[in-house]
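Structure first, then comments.
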Amino acid sequence: MAIPKEKLLQAYRMMKTIREFEERVNAEIMNGQIAGFTHLYTGQEANAVGVCEHLTDADTIISTHRGHGHCIAKGADVIGMMKELFGSSAGLCKGKGGSMHVADVDKGILGANGIVAGGPPISVGSALAAKIRGDNHVAVSFSGDGSVNQGTCFEAMNMAVVLNVPAIFVIENNYYSEHTSINYAVGCDDLKARTEAFGFPVFVADGSDFFAVYEAAGKAIEHARAGNGPAGVFAEQGRYHGHFVGDPQSYRGEGELDELREKYDPLKNFRAKMAETGEVSGEELDAVDAEVLALIDQAVEEAKAAPRPTAEEVTQDVYINYA
Amino acid sequence: MAIPKEKLLQAYRMMKTIREFEERVNAEIMNGQIAGFTHLYTGQEANAVGVCEHLTDADTIISTHRGHGHCIAKGADVIGMMKELFGSSAGLCKGKGGSMHVADVDKGILGANGIVAGGPPISVGSALAAKIRGDNHVAVSFSGDGSVNQGTCFEAMNMAVVLNVPAIFVIENNYYSEHTSINYAVGCDDLKARTEAFGFPVFVADGSDFFAVYEAAGKAIEHARAGNGPAGVFAEQGRYHGHFVGDPQSYRGEGELDELREKYDPLKNFRAKMAETGEVSGEELDAVDAEVLALIDQAVEEAKAAPRPTAEEVTQDVYINYA
Amino acid sequence: MPEKTMRDAINEALHQAMTEDDSVFVIGEDVAGCQGAEGETGSVGGVFGVTGGIYNKWPDRCIDTPISESAIVGAAAGAALVGMRPVAEIMFADFIGVCMDQIINQMGKFRYMFGGKSKCPAVIRFASGGGFSAAGQHSQAMYQVMTSFPGLKVVIPSNAYDAKGLMLTAIQDDDPVLFFEPKVLYQETAEVPDEMYTIPFGEANFVREGDDVTVVAFGQMVPKAAAAIDALADEGISCDLIDPRTSSPLDTGAILESVEATGRLVVVDEAPPRCGLTADIAGLAADKAFKSLKGPIKQVCAPHSPTPFAPELEAAYIPDAGKITAAIKETLA
Amino acid sequence: MPEKTMRDAINEALHQAMTEDDSVFVIGEDVAGCQGAEGETGSVGGVFGVTGGIYNKWPDRCIDTPISESAIVGAAAGAALVGMRPVAEIMFADFIGVCMDQIINQMGKFRYMFGGKSKCPAVIRFASGGGFSAAGQHSQAMYQVMTSFPGLKVVIPSNAYDAKGLMLTAIQDDDPVLFFEPKVLYQETAEVPDEMYTIPFGEANFVREGDDVTVVAFGQMVPKAAAAIDALADEGISCDLIDPRTSSPLDTGAILESVEATGRLVVVDEAPPRCGLTADIAGLAADKAFKSLKGPIKQVCAPHSPTPFAPELEAAYIPDAGKITAAIKETLA
Ligand SMILES: Cc1ncc(C[n+]2csc(CCOP(=O)(O)OP(=O)(O)O)c2C)c(N)n1
Ligand SMILES: Cc1ncc(C[n+]2csc(CCOP(=O)(O)OP(=O)(O)O)c2C)c(N)n1
Ligand SMILES: [Mg+2]
Ligand SMILES: [Mg+2]
């Protein structure tokens, strides 16, 4: 599957945007500029981008508590997102949602989600809408290795098969749910097999390799788009930060994080691959880096200057109309 | 596995008791004597008895909306049950629970349950108690072919594996959940495999054959009792009545019920087997039949004469103490 | 006007809405029935018969599901987020227990959490309340609990006429709506026009008008309250009987106006007493109509117990006309 | 007496109960922590640190679980039915959405449905309420909703001292208990004895005593109400401040006695207004203390909206001392 150069650059730009967004958010939390609970996606960029590069605005995704990466990859306005995290009324969600509820339904982003496995049932609904309408849109839900143990996730998988809808279940195994290892929380030895036992194919990818995820996601999405029912993607890749900002990460093995950053960095790996194939030059990627850094700088600057919400806004946006 | 004669007679007595209890309940509902929603177990007797014959009072079961059979097999007082169904204050649950909530915790019966898949998580708790205490008791939950699609059921299965507790999941496939076939509601082709994918062995049995169920359940229970974690039993056998009393059963194929009653009657099959092996004579079984009929007659008679609850009782038994 | 049962009135509303609008679909357990079986698919139409005939006309918009309530509500919520108008059936309101997150934390909060930039026009239907000797897990009203959650609208029809009009409003409404059908009223009839009509949310119905006491009642309590009030006419006591029809939004104006006129209030509901609608409305009046009050505000509801099974116990559990009469007299005493 | 945080006070109660009684165990997500990982098992002790140190002493009675709240509550309920005394942790009260059936239809109804022939001495702990900019799905009080369900006891400590005593009572209690810990108070300190002590359920605490107005407040609203009342002393207004500590059972006697003395009532809670505890208590007084009432009963609570994220919005959302002061003055006006 040869990927056009423009798409390669775009994929890299997206991954880099996620990386810099997250690193900057981390810094601004430390600075006391961002309130609430925030979960960073750094290290897992290839999953979000490898999947979303196959999607249009009419396809939907639904994300998790660790949602920034998915939203950026699906085309959310990065400046609006930063403003949202800062709690501005000019934020993507007017400062009402924050990190755990970033959303842009017009872009097919049905939201980050603060409830573990809250998303898959909703994604099945979006897929069902596509089936009823007879268009060929697909609906992607992201779940973590911990999330797959929640009943709603299983229900959604079985229901998607029963209704034969184009739902794609992306399972991101970053080895931990909070402070607990997948080795403990998933009882069986083979999560991929447990997922497939529900009755749909699951495509596995190295989650530190954009190209691997892109290929696996491509197969899954093609399967679903063609009317063959749901499919899964199973990608493994660690996260670089704690579960949430502030997590002491007592669960990590010695050298684990160093190894992750060293050998399993989606951005480094992408650059290495490009150096190998020569499809995109280092200078071109450097230029993207510079653009992204400028964008994130601008986002933070704008977010700091953005208007703050006022008390009257508290009761707005609950309903469309309410007598 | 040679079964002592006494146990054979006991198993037959239990199955016959369930059969006659259910048939009589059906008649009394038609007579307008029993209120509420009632789901009959007729036809599936071998499952309940094949499993429960391995259990002691210290082992627990938790049942479903279709709970009479399991409760009888686990040793519930049949007369108390009949009184309960009639809504008497002398009933097993003082007329407060009725058909869907028959229970006797002292006998290890944690109740029928009106919520589909309400039972498995509770059963895991009972199994966990056994593990913490270090005794060798086991906890059995019964689920239907429809119940296995509820999230709580999946959660319980995974949790039982993770905690390595002696929980036994008995799945009774009677082909339908209400008016919907398992072919539709379970998305995958192989429910046994989907269950095993959670990480425990599942033993399959013909649910119309007491000996088959007894053997499969024996293996599952042995596995769990020995500290090897959860196990499953998967038994297929149709029910003879509708989903609930009054169901027109429009979902049945032509001749389906006749075939079930003809070829897959656990009681007939038991008798045939005994005729073959000669372990128990027809006369001995006839004697059991007579005893059982007398018992059920007595139960109905007593239930009709039993005291009715009064209004003060409504607010009793909510709490043990409440200031 | 033709007489129809509440069941048929709701069914008619569904048929008419689906005829008019392609984006309406129904989803739930056995809403068609016989899927995968040899019997005729569609021959069930819901265990209470409310979705009868839909599969036969619109097989693609009558979605049978496994027993997976969270997935059902989620499917409705997700489809609504992308522009459909699903009407999901959750067989018994008690089953909210297994799908509450999707209702309160997902469907009901999208719009707010997303900064007002989404809509979720889903309707979830529930058979609600007691009266069938169905015991603790199949008899709860549950609408009082759902009223607590901002972002949801809560409808409780008390008769076939209202049920049809409120259902048509619910389907057209752009916010998520929970529609609680008192199952004991399914067979009750009223005059119901054949044509489509809507009844606005947040507008109470004055079932009776009177001067002495304001009675507010919900769902299956409305006919019981009406019976109590009619019997009291002989004793020279006349009451306003207000059926709010929707508990969220609530027609506070109508209630307060009536209480200001009568000075006395009795609130009736079948749910248990704690943090329920009877307290909710009593609290409203004790603040906003305080100056007008001439007697204690009485609440008539079930006791603080689960619903019992035995018919005698259930009859003692669910408020009846006698208890309503007694409360009216108490507030007058 | 030593000063301890609410977190440490609850932790101490757990340690002492587990020392005394082998049948007590804790269960929940990361209550130990690092299971299956290379780090030291037990080094987490719950995401809020409330179960710290337990795994190290009693590894067999500190049960880490997958993210499966229904299975967690079910496991607690099932173990309790067969004689154990589990203390389960559900991380955020909002997650009741994914396990409500096990709480309300199972654990809370066993005893009644089984005709009084069982007991289920399980405690479920929840971190509850707002104050952390945690937005719509991580900030709900939820205890008002649970109060609606018969069969459950509902505890809401407002300080470290009460938290310890109420937790020890909860563990010894033979009925299922839901224990809501206002998470914004975890770091707040009070004098807490080292020894074991219990505080009976259904006995309110008089935090302040006064003559003019009765103020009833729950959880994190108690210190805010106290601050408001203390400031009003300068203006010559004195109030009873009642902290019921348990909403089910509720100490109706203490509330009614106080209202009978003051004639005025303000009820304060952080949950939204509909069908909540403020209405519940207002309704109680409007019936049972009607004759004594001298002014409208005021409810101070969050608006009918989900909890917003931005700190400014959340500050405007959760009732503060200013709003409590205003309500006290209004009922006196
Ligand atoms: C229903 C529910 N239970 C628990 C939590 C708390 N929680 C938030 S994230 C998380 C771990 C999720 O792990 P995983 O699915 O692997 O995602 P990851 O954080 O690794 O991306 C938990 C337990 C929650 N938000 N919702
Ligand atoms: C949570 C929940 N959803 C739906 C129902 C209604 N209901 C009762 S029994 C049943 C079918 C159960 O099918 P299965 O598990 O196969 O058991 P069977 O009736 O065949 O014994 C349904 C849908 C319920 N009681 N609880
Ligand atoms: Mg993870
Ligand atoms: Mg079945």
Side-chain angles (χ1 to χ4, degrees), chain A residues 34-37 65 84-89 91 93-101 113-118 144 146-152 175-187 243-244 248-254 256 308-318 322, chain D residues 28-47 64-72 74 91-92 94-99 101-102 130-140 272 302-318 320:
Chain A
I34 293 178
F37 300 129
H65 57 288
E84 184 61 28
L85 267 64
F86 274 73
S88 163
S89 51
C93 304
K94 299 190 191 162
K96 283 177 173 155
S99 168
M100 283 195 285
H101 306 296
N113 204 308
I115 302 295
V116 162
S147 168
V148 293
N149 300 313
Q150 180 74 245
T152 50
Y175 315 123
Y176 301 99
S177 50
E178 289 193 355
H179 316 274
T180 297
S181 165
I182 181 172
N183 299 329
Y184 180 81
V186 170
H243 170 63
F244 55 91
Q249 304 190 62
S250 61
Y251 42 85
R252 298 271 188 200
E254 233 191 271
E256 181 178 322
R308 305 302 307 172
T310 56
E312 316 85 70
E313 293 172 43
V314 168
T315 51
Q316 295 165 5
D317 301 319
V318 183
Y322 196 70
Chain D
E29 295 158 20
D30 285 316
V31 291
C34 300
Q35 287 282 17
E38 291 193 32
E40 190 199 337
T41 309
S43 60
V44 176
V47 291
D64 256 330
T65 69
I67 310 175
S68 305
E69 280 79 5
S70 286
I72 295 170
M91 209 176 285
F92 287 79
D94 314 67
F95 305 164
I96 284 174
V98 293
C99 57
D101 181 70
Q102 290 292 325
F132 275 119
S133 271
Q137 296 173 336
H138 285 74
S139 303
Q140 295 167 95
H304 186 65
S305 321
T307 315
F309 162 67
E312 293 91 332
L313 293 175
E314 194 185 29
Y317 179 83
I318 300 177
D320 57 16

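Proteins get letters first, then strands, A, B, ... in listed order; numbering begins at 1 in each.
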How long is the span from the [atom1] atom in [X] to the [atom2] atom in [Y], to the nearest 0.5 Å?
{"X": "A/Ser177", "Y": "D/Asp30", "atom1": "OG", "atom2": "CG", "answer": "6.5 Å"}
{"X": "A/Ser88", "Y": "D/Glu312", "atom1": "OG", "atom2": "CD", "answer": "9.0 Å"}
{"X": "D/Gln137", "Y": "A/Met100", "atom1": "CD", "atom2": "CE", "answer": "7.5 Å"}
{"X": "A/Glu178", "Y": "D/Ile67", "atom1": "CD", "atom2": "CD1", "answer": "6.5 Å"}

Taking D/Val44, D/Asp94, D/Thr41 one by one, which has the highest count of heavy-atom pairs under 4.5 Å against chain A? D/Val44

If you count heavy-atom pairs under 4.5 Å between each of D/Cys34, D/Ser133, D/Ser70, D/Ala71 and chain A, which one has the most? D/Cys34

I'd like to know which of [options] tops the heavy-atom pair count under 4.5 Å against chain D.
{"options": "A/Gly187, A/Ser181, A/Ala35, A/Gly146", "value": "A/Ser181"}
{"options": "A/Gly97, A/Gly151, A/Ala117", "value": "A/Gly97"}
{"options": "A/Val186, A/Asn113, A/Ile182", "value": "A/Asn113"}
{"options": "A/Asn183, A/Val314, A/Thr315", "value": "A/Val314"}
{"options": "A/Gly87, A/Cys93, A/Gly118, A/Gly114", "value": "A/Gly114"}
{"options": "A/Ala185, A/Gly91, A/Ser99", "value": "A/Ala185"}

So what's closer than 4.5 Å to chain A heavy atoms on [X]: side chain, backbone, both or neither?
{"X": "D/Glu40", "answer": "backbone"}
{"X": "D/Thr65", "answer": "backbone"}
{"X": "D/Glu314", "answer": "neither"}

Which atom pair, heavy atoms only, marks the closest approach of [X] to [Y]?
{"X": "D/Ala135", "Y": "A/Lys96", "result": "CB-O, 4.3 Å"}
{"X": "D/Leu313", "Y": "A/Thr310", "result": "CD2-O, 3.4 Å"}
{"X": "D/Glu38", "Y": "A/Gly253", "result": "OE1-CA, 3.3 Å"}

Side chain to side chain contact (heavy atoms under 4.5 Å, CB included), that's the test. Do D/Glu29 and A/Thr180 meet it? Break it down for me. CA-CA 8 Å; D/Glu29 295 158 20; A/Thr180 297; over 6 Å; no

Is the closest side-chain donor-acceptor distance between A/Asn149 and D/Ser68 under 3.5 Å? no

Please tell me if the side chains of A/Val116 and D/Glu69 come closer than 4.5 Å, counting only heavy atoms from C-beta onward. no

Region of [X] that comes under 4.5 Å of a non-hydrogen atom in chain D:
{"X": "A/Ser89", "answer": "neither"}
{"X": "A/Tyr322", "answer": "side chain"}
{"X": "A/Glu254", "answer": "backbone"}
{"X": "A/Phe244", "answer": "neither"}

Please answer whether the main-chain N or O of D/Asp64 pairs with a side-chain N or O of A/Tyr184 as donor and acceptor at a distance below 3.5 Å. yes

How about D/Phe309 and A/Phe37: are their ring centres within less than 6.0 Å of each other? no

